[in-house]
Amino acid sequence: MHNDIEKIYVSENEINDMLNRLGKEITNDYKDRNPLIIGLLKGCLPFMSDLVKKLDFPLTLNYIKASSYQGIESTGFITIEGKVPDVKGRDVIVIDDILDTGRTLDSIRRVLVEHGANSVELCVLLDKPEGRKFDIHAKYVGGPVPNEFVVGYGLDYNEHYRNLPYIGVLKPRVYQK
Ligand code: 5GP
Ligand code: MG
């Protein structure tokens, strides 16, 4: 697995620093608000699991599995599999691995507001500002990455590499398999 990585963009240590900083920021803002933390499966898994351990105050957890609707990307449609969590009156923080075009988080945010959330903020480990197509802002961001396809720490290529403890880019030969 490690052999397939061309270059590491965010090391384990850097991820740790990001987690500590985000943990402090979110604690500052939410320690008395009993927030509902919603992760977007499956990319959120390592990040969410590590981040919530830095939040030492009352909160609840849930998840959404969203998939983008093939072929109509430009219309901004995504579908949510299953039931939308009960967010009525809750202060929600949505967690995802990366903010690229913004399509996913823009749609999810809208749905949660429609379902009666009191507030919705977004938290992503990585931001690709150059990829943005939707007017959307994440309040909590670990750090930026260049406009390249990255894997690791939740981010997959054909469902693999999510378990890498760092973020990197794949060697070209991996795509030729
Ligand atoms: P957006 O809706 O912002 O365009 O894209 C968000 C989703 O696209 C992420 O949750 C992630 O699943 C996928 N994505 C965007 N950029 C990358 C990337 O560089 N690597 C991987 N593995 N997935 C990405
Ligand atoms: Mg994803």
Side-chain angles (χ1 to χ4, degrees), residues 1-12 14-15 18-19 22 26 37-52 61-82 84-85 92-114 117 120-177:
M1 203 174 45
H2 300 280
N3 246 333
D4 292 345
I5 299 297
E6 169 116 335
K7 188 167 46 176
I8 294 179
Y9 271 136
V10 191
S11 70
E12 254 185 285
E14 288 168 327
I15 290 176
M18 290 172 177
L19 289 166
L22 291 171
I26 295 173
I37 316 256
I38 298 181
L40 299 194
L41 294 179
K42 303 167 222 166
C44 73
L45 286 174
F47 177 42
M48 180 169 180
S49 154
D50 288 343
L51 181 63
V52 295
L61 302 180
N62 215 323
Y63 63 88
I64 285 176
K65 175 118 180 63
S67 33
S68 46
Y69 221 86
Q70 298 264 324
I72 48 171
E73 285 184 25
S74 55
T75 62
F77 260 153
I78 59 131
T79 50
I80 291 178
E81 293 176 22
V84 176
V92 178
I93 305 172
V94 180
I95 302 207
D96 201 3
D97 44 16
I98 192 165
L99 183 56
D100 183 14
T101 66
R103 174 171 42 128
T104 314
L105 285 172
D106 183 55
S107 312
I108 298 278
R109 202 188 57 79
R110 242 180 260 266
V111 168
L112 298 180
V113 169
E114 278 164 17
V120 181
E121 294 292 355
L122 310 174
C123 173
V124 291
L125 180 73
L126 302 174
D127 184 19
K128 270 189 194 169
E130 290 166 62
R132 202 75 82 257
K133 291 188 184 140
F134 292 79
D135 182 21
I136 184 158
H137 169 79
K139 185 163 187 188
Y140 307 101
V141 178
V145 277
N147 207 2
E148 278 182 62
F149 189 81
V150 292
V151 296
Y153 201 67
L155 291 148
D156 72 305
Y157 172 58
N158 287 344
E159 293 298 331
H160 282 85
Y161 306 102
R162 292 192 199 273
N163 54 325
L164 283 176
Y166 51 79
I167 307 280
V169 286
L170 290 166
K171 290 177 181 162
R173 64 161 168 81
V174 177
Y175 301 109
Q176 286 145 21
K177 272 183 197 163

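Quantities reported herein were computed from a predicted structural model and do not represent experimental measurements. Both ligands and their constituent atoms are indexed starting at 1 by order of listing.
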What atoms of ligand 1 come within less than 4.0 Å of a heavy atom belonging to [X]?
X: Thr104; result: 1 (P), 2 (O), 5 (O), 6 (C)
X: Thr101; result: 1 (P), 2 (O), 3 (O), 4 (O)
X: Glu148; result: 19 (O)
X: Asp96; result: 10 (O)

Quick one: does ligand 1 sit under 4.0 Å from the side chain of Asp97, the backbone, both or neither, non-hydrogen atoms only? side chain

Got [X] and [Y] here, is their nearest side-chain heavy-atom distance under 4.5 Å?
X: Ile26; Y: Cys123; result: yes
X: Ile78; Y: Arg103; result: yes
X: Leu99; Y: Arg132; result: yes

Touching ligand 1 at all, Lys133? Heavy atoms, strictly under 4.0 Å?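 Judged by the 4.0 Å heavy-atom criterion, Lys133 does not count as contacting ligand 1.
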
Which pairs, with at least one residue in residues 135-146 and sequence neighbours excluded, count as a side-chain hydrogen bond (donor to acceptor under 3.5 Å, both in side chains)? Asp29-Tyr140

Considering distance alone, does some N or O of Gly102 sit under 3.5 Å from an N or O of ligand 1? yes

Is it the case that ligand 1 has an N or O less than 3.5 angstrom from some N or O of Phe149?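 For ligand 1, there is no N or O atom that lies under 3.5 Å from one belonging to Phe149.
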
Would you mind finding which of Ile98, Val124, Leu40, Asp100 brings a heavy atom closest to atom 14 (N) of ligand 1? Ile98

May I ask you to decide if Glu148's main-chain N or O and Lys128's side chain share a donor-acceptor pair within less than 3.5 Å? yes

Nearest 0.5 Å, please: how far is CZ in Phe149 from CD1 in Ile98? 9.0 Å

With sequence neighbours left out, what residues match Tyr157 under ring pair (Phe, Tyr, Trp, His ring centres under 6.0 Å)? Tyr175

